[in-house]
**Q** 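The structure is given below, and queries will be raised subsequently.
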Amino acid sequence: MKAKVKKVMIVDDNEFDCYFTSKIITNFDETADIMEFNSSVTAIQYLEEFQNVPAKLPDFIFLDIYMPLLDGFAFIEKFNTLSDTLKQHTKICILSTTVDDLYIHRAKIDESVLFSSKPITKEFIASIF
């Protein structure tokens with residue numbers, strides 16, 4: 001039986017990557033509530049506003065590394081300053097096309113953050129949900 005995911009946030013400045021990730025997730029669980037943000041700044045503002053409202057928080061955040069203004073690592077730094085309610089409720093998964101070992105190592109330093117190469121697969125979604 002498939003796990004039910006209530007709410008997923010996709011943060012990626014590439015609209016195609018957002019769309020593709022969204023489709024993979026909905027193919028796994030069509031009832032998932034997906035929020036797409038093409039701006040990491042807007043996404044962190046949403047989390048700041050609702051950090052103590054569990055019903056508004058995503059269960060998972062799929063986060064791109066390379067974004068303007070606020071890259072994925074800076075996003076995680078800001079995320080880690082927010083409420084314990086948010087941090088206990090929400091799991092982050094970095095998605096990236098990078099082949100740079102330094103970025104991959106940096107992404108895997110925080111054991112609470114998952115990492116996957118793009119594009120994600122239905123099998124990967126099944127393994128984390």
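Keep in mind that this is a model prediction, so the values were computed, not measured.
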**Q** To the nearest 0.5 Å, how far apart are CD in Gln51 and OG1 in Thr85?
**A**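 One finds 8.0 Å between CD of Gln51 and OG1 of Thr85.
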**Q** Counting only heavy atoms not in Lys78 (residues, nucleotides, ligands), do more than 12 fall under 6.0 Å from its NZ?
**A**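 At most 12 heavy atoms, drawn from other residues, nucleotides or ligands, come within 6.0 Å of this atom.
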**Q** Rounded to the nearest 0.5 Å, how far apart are OG1 of Thr21 and CD1 of Ile120?
**A**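 Output value for this atom pair is 4.5 Å.
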**Q** Testing Ile65, Val41, Ile44, Ile94 one by one against Phe75 for a side-chain contact (heavy atoms from CB on, under 4.5 Å), which residue passes?
**A**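 Of Ile65, Val41, Ile44, Ile94, side-chain contact (heavy atoms from CB on, under 4.5 Å) with Phe75 is met by Ile44 alone.
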**Q** Angle class for the Phe16/Tyr19 ring planes (parallel below 30°, perpendicular above 60°, tilted otherwise)?
**A**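 Rings of Phe16 and Tyr19: tilted, 30 to 60°.
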**Q** Got a donor-acceptor contact below 3.5 angstrom from the Lys87 side chain to the Phe79 backbone?
**A**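 Pair absent, no side-chain N/O of Lys87 close to backbone of Phe79.
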**Q** Which atom names give the shortest non-hydrogen contact between Met67 and Asp12, and what distance separates them?
**A**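 Nearest heavy atoms, Met67 then Asp12: SD-CA, 4.0 Å.
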**Q** Under 3.5 Å, is there a donor-acceptor pair between the side chain of Tyr46 and the main chain of Lys56?
**A**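 Answer holds: yes.
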**Q** Can any side-chain N or O of Thr26 pair as donor or acceptor with the backbone N or O of Ser22 at less than 3.5 Å?
**A**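 Yes, because the side chain of Thr26 sits within donor-acceptor range (under 3.5 Å) of the backbone of Ser22.
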**Q** CD/Glu48 to OG/Ser83 distance, rounded to the nearest 0.5 angstrom?
**A**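 Going from the CD atom of Glu48 to the OG atom of Ser83 covers 11.0 Å.
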**Q** How far apart are the closest heavy atoms of Glu36 and Cys18, and which atoms are they?
**A**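 Looking at all heavy atoms of both residues, the shortest contact is OE1-CB, 3.6 Å.
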**Q** According to a hydrophobic-cluster definition based on side-chain heavy atoms being under 4.5 Å apart (Ile, Leu, Val, Met, Phe, Trp, Tyr only), do Leu47 and Leu69 belong together?
**A**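 In one cluster: yes.
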**Q** Decide salt bridge (charged side-chain N to carboxylate O under 4.0 Å, His left out) for Lys6 and Asp33; before the verdict, give the C-alpha distance in whole Å, the side-chain angles of both, and the deciding distance to 0.1 Å.
**A** CA-CA 6 Å; Lys6 294 176 189 135; Asp33 180 7; over 6 Å; no
**Q** Identify which one of Leu95, Asp13, Val11 satisfies the side-chain contact (heavy atoms from CB on, under 4.5 Å) criterion when paired with Asp64.
**A**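 The residue from Leu95, Asp13, Val11 that satisfies side-chain contact (heavy atoms from CB on, under 4.5 Å) with Asp64 turns out to be Asp13.
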**Q** What I want to find out is whether Lys7 reaches Asp59 closely enough, with some N-O distance under 4.0 Å, to be called a salt bridge.
**A**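 No, no charged N to carboxylate O under 4.0 Å.
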**Q** Please check: side-chain N/O of Ser40 versus main-chain N/O of Asp71, any donor-acceptor pairing under 3.5 Å?
**A**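 Side chain of Ser40 to backbone of Asp71, a donor-acceptor pair under 3.5 Å: no, none is there.
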